Amino acid sequence: MDEPIIRTRNLTIRFGGHTAVDHVSLDIPNNTFCSIIGPNGAGKTTFFNLISGQLAPSEGKIEFKGQDVTRLPAYKRIRAGMGRTFQITNVFPDLSVLENVRLAVQAKAGVHYQILKHHRRYNRLIEAAQELLESVNLADKAEQQALALSHGDKRKLELALSLALEPDVLLLDEPTAGMAIEEVPAVLELLAKLKAAGNRTILLVEHKIEMVMSLSDMVVVLANGRLLAQGGPQAIMDNELVQAAYLGGTG
Amino acid sequence: MILRLTHVSTFIGQFHILQDISLEVPAGEVTVILGRNGAGKTTTLRSIMGLAPATGGTISFMGESLNGLPPYAAARRGIGYVPEDQAVFAVLTVEENLRLAMLRRDRAGNERLRFVLDIFPDLAQKLKQKGGSLSGGQKQMLAIGRALVHDSRLLLIDEPSKGLAPIMVEKLAGALRQIKDHTTVVLVEQNFNLASAVGERYVIIDDGHTVQQGLMSDLQADQNLQRRYLGIAAAREGGKVV
Amino acid sequence: MDVFVNLTLSGLSTGMMIFLVASGLSLIFGLMGVLNFAHGSLFMWGAYAGVWVFARTHSFTLALLAGMAAGAMVGWVMERLTIRRIYGNVVAQILITTGVMLVLNELLSATFGPNIIATTVPPLLAGSWAFGNIVVVKYRVFTIVVGFLVALAVHFMLSRTRVGIIVRAGVENQEMVQVLGINIRQVFSLVFVFGSALAALGGVMMAPAIGAVNSGMGIENQMLAFIVVVIGGMGSFLGSALGSVIVGLAGAYTAWFFPEASLAVNVVLMALVLLLKPNGLFGMGGE
Amino acid sequence: MALPKSQPAGLSRRKFLSVSGWVPMAALLLLALVPALSPSRATLNLLTQIIILAVFAMSYDILLGYTGIVSFGHALFFGSGAYLVGLIIKHSEPTLGYLLLAVLGTLLFALVISVLIGYLSLRVKDVYYAMITLAFAEFFLIIAQKWRSVTNGDDGFSFRVPTMLQHRVVYYYLILAFVVVTLVFLRRFIHSPTGRVLIAIRENEKRAEFLGYDVLKFKLISTMVAGVVASLAGVAWALQQQFISPGVMAVDKTIDALLMTIIGGTGTLYGAFIGSGLISLAREYLPELAEIHPVFGHWYILFGLLYILIVLFFPGGILGTFRGFPRKRKSQEER
């Protein structure tokens, strides 16, 4: 509990001459709901990509549950307890919705190299997948091809995939991006539910600041790749540096 | 009317995104397309450009039909397009990005380049930098500047304020006011403040249909209409929690 | 010392020959990302056309022109009928260009028969200069010069000209280039045709060096070209040039010192590079 | 579209144990009756060939249709299986014991080589796999051609097979058993949890990795299974031909597998039989038509064109839907 679940030290990545994430040192305590905000181009998604292992940092290190994971490939971080969603919908288009989630459940269950048993004989995997679909209100679309889902439903499926991994840290990259406005409240409700469960850390990147303030225990502000401020939502709202970053520009 | 869409219908895959879009854009003015997320605003611009070819209806630009034209032909007729995600070429320098849009190297082209660097002084200082190294706001300027260098009689700009800090939005509004003296602009915008600050006319799209169009001043006066179609977007600008 | 110089010269010239084949592949595959499995067939069409014309006219210049024209023509037809539909879809490219390779190779063997056809080095380029124990074969010097010129010309085209800017921009975002009023498909077609002509040029140059053309030379050289692009790194034109020289030199030295290993050296070299620097010596990184 | 339906386990299990459905069963029955109906040596030989090549093509389908990777050196496995069994038997005695030893050696070789090639290339890009398999196949082809003291070079060599296998009908039934076992194994494989992950990788590799799957390892499993099955097909081929030359390892063999898989239909397994049947029949009979028109002498042109048309316009192949590459394109676009 005292040990932060994620700890970055001088985390830096450069693309050519551009420093997208610039010496960010951050401790994220266990079981918190933490939002990462900042103006466009602040490096939020890049920061996510560094934590989840999609990008390798130019400098600095990342610890997860006290272990140095800086050079660990993505799939190992996922197995160690991270789960993430993507800004752009990222599912298995030709498979059924249920099969999408079943694959995620299978990954969590550690059924990797079983090559002679039929996958449907793992009843518990299918049941777990169906339960997950119910929790994101997709149960009635279980047999549909993922490709044919509406955008909002794809986002929900994406969320279900990550939840299936039962991650200790859930990285959510703009879960409402591109959603029809009337679909947003359902996602917010789901986030609130996840938070209420209280058994995991949630890291959220979001543009719609107002939306996340009420949910967050902690808010981290990035600007131009640097860590500008961190603290409780109210403190962040009142922080003059933050206001300046948003109002006064950073450029 | 420099641009006229009549009963335009567009499919993307099996999805009927635009079902009945009819709108008119008078020359020399800024027309703002408003509507909720997913209403079909971006697709409308893409259909005009030929990027999402219309399957029905007619699109005419300066009296000639654009239906069936590939995007580069629409561009050559004088339509500039600034997509939602800016699409600045990361591998090219700022200067190369701008030069790429200059189809002919003539005096007029050089003048337009000077004009662009005039209204976006930030770019003038970064000519030799790679596009990929710019900040979000600078990329947006470059994307708009690029469309201007390209001698556009009509400029389609998709959500330029998206994700920009308020100060950047301010700068952008200023630039747009300068631009509209030179070309006709069609702007897709969620930020109602920006939309009403620079727009003269509005078109509201909902579920792939045009539902209302007219003068921006009328829309500003009509709270009812605002709430009906733009409700949340407008409220959000007021800083209230959704 | 003399041995060393001779080996280096011969390695360089082999390298440049490989580079001529690889330069087209480097443009088409390395830069535009189109994996053309019929590249070797284009090379072979160039070689056969060159040999055919040279046998009739005894003019190597005409042979060069004819070979490149044949490559460009076949490349153009191929682009129009197939490649055009599958930009950006690598699996489809591999599959379809393989079919094209079958058809192109079979057409050649239907026309020229399955047997090897002998040819010679043009008189002007035949023979060698001797400096003491150092023997400089004229034709080798010629290939080095031609390879060097092609490398310079293409590099200049990519980095300085408008076409170069368009190609680089188009590789990044096709749609946006179109929206600026540029018919990117046309530019890509042009690059494809140009790359095909380069492959064919490699064929014309190669034929006199080995003294004959045969139906197996396509796939062999295509493989070498690919190895060179992998070693140099995708997307790096100069990397391919350097890769070619490395492969050429390594081949020459091993052939002298460990003749048994000379067959394996290319594959081993590639395996080493992939093991130590998976993106090639000058690669741009992953996707 | 065969969407997975959630069924009670018992029901799916029964279906799972059968080769699946009536058509394959009927076909199998028919094939089993052939020796009784038409005992002609030529017919049996041709059918045996078709079946062996179909197994080869099925192994290719595991790579292309189920995992979405293209190999250009698949003949390496087919050919090494053939060479190993031929060499071992030639240099020992034609007994079943040595045959078994040869099969084991083949399996080991296939496993080692597939892991080696896969590790070198798949780490970088799937596209590399195509070229690097080709390079390795050429490498072994050159060994087969140049190491004359052992392989007799381009002339090849013949060898005696165990007496039991010399009888055509016996061998035919053995091959039938072989194909049934392979088919059941491969079907189990593709429906196993591991097989489903392969399909997931074909659909969206990045997502599979972000579910915690070690994508490289799964691809390696795919290449291992494909390599092993292909080399067993090569063993069967050698035993039938009783003669081996470098041709079994040439690029043409790989391209045959590719043609058979695509024309039959990728991602279907059974398509391999259709593809293999068509190509073998064409190879057998089309050259005879060359007297009518010379184009039949160059029937590869026809097949090349047919193949291109199928890839471009009928990606389903003759059987089923070709889900490998159109989907691949989709998921790339979505990124």
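Proteins come first, then strands; the chains are lettered A, B, ... in the order of their sequence lines, and each starts at number 1. What you see is a predicted model, and the numbers here were worked out from it, not measured in a lab.
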> Using a heavy-atom distance cut-off of less than 4.5 Å, which residues of residues 74-83 of chain C contact chain D?
Replying inline: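 Counting heavy atoms that sit under 4.5 Å from chain D, the residues of residues 74-83 of chain C involved are C/Leu81, C/Thr82.
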>> Checking side-chain polar atoms at under 3.5 Å, does D/Asp61 have a donor or acceptor matched by the opposite partner on D/Thr261?
In response: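 There is no such pair between these side chains.
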> Does the side chain of C/Arg185 pick up a donor-acceptor pair with the side chain of C/Gln178 at under 3.5 Å?
Replying inline: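 No, no side-chain donor-acceptor pair sits under 3.5 Å.
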> Which residues pass the side-chain contact (heavy atoms from CB on, under 4.5 Å) test with C/Ser23, sequence neighbours left out?
Replying inline: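 Listed in chain order: C/Phe19, C/Val150, C/Leu198, C/Phe237.
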>> Please check if the number of heavy atoms outside D/Glu284 that lie under 6.0 Å from its CD is greater than 12.
In response: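 Correct, the count exceeds 12.
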>> Between D/Thr254 and D/Ala75 (side chain of the first, backbone of the second, donor and acceptor by atom type, cut-off under 3.5 Å), is there such a pair?
In response: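 Yes: the side chain of D/Thr254 pairs with the backbone of D/Ala75.
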>> Does any backbone or side-chain atom of C/Gln222 lie under 4.5 Å from a heavy atom of chain D? Answer side chain, backbone, both or neither.
In response: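 Looking at C/Gln222, backbone and side chain both touch chain D.
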>> With a 4.5 angstrom heavy-atom cut-off, is it the side chain or the backbone of C/Leu102 that approaches chain D, or both, or neither?
In response: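 Side chain only.
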> Residues two or more places apart in sequence or in another chain: which of them pass side chain to side chain donor-acceptor pair (under 3.5 Å) with D/Asp214?
Replying inline: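 D/Asp214 satisfies side chain to side chain donor-acceptor pair (under 3.5 Å) with A/Tyr75 once adjacent residues are dropped.
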Can you tell me which portion of [X] sits under 4.5 Å from chain C's heavy atoms? Options are side chain, backbone, both or neither.
{"X": "D/Leu259", "result": "side chain"}
{"X": "D/Phe72", "result": "side chain"}
{"X": "D/Ile255", "result": "side chain"}

> Can you tell which of D/Leu305, D/Ile132, D/Val251 has the highest number of heavy-atom pairs within less than 4.5 Å of chain C?
Replying inline: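 Counting heavy-atom pairs under 4.5 Å, the top option is D/Ile132.
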> Do D/Phe56 and D/His74 have ring centroids that are under 6.0 Å from one another?
Replying inline: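 Ring centres of D/Phe56 and D/His74 closer than 6.0 Å.
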List, one per line, each side-chain donor-acceptor pair under 3.5 Å for residues 107-116 of chain C, sequence neighbours excluded.
unit_1: C/Ser109; atom_1: OG; unit_2: C/Glu106; atom_2: O; d: 3.4
unit_1: C/Thr111; atom_1: OG1; unit_2: C/Leu107; atom_2: O; d: 2.6

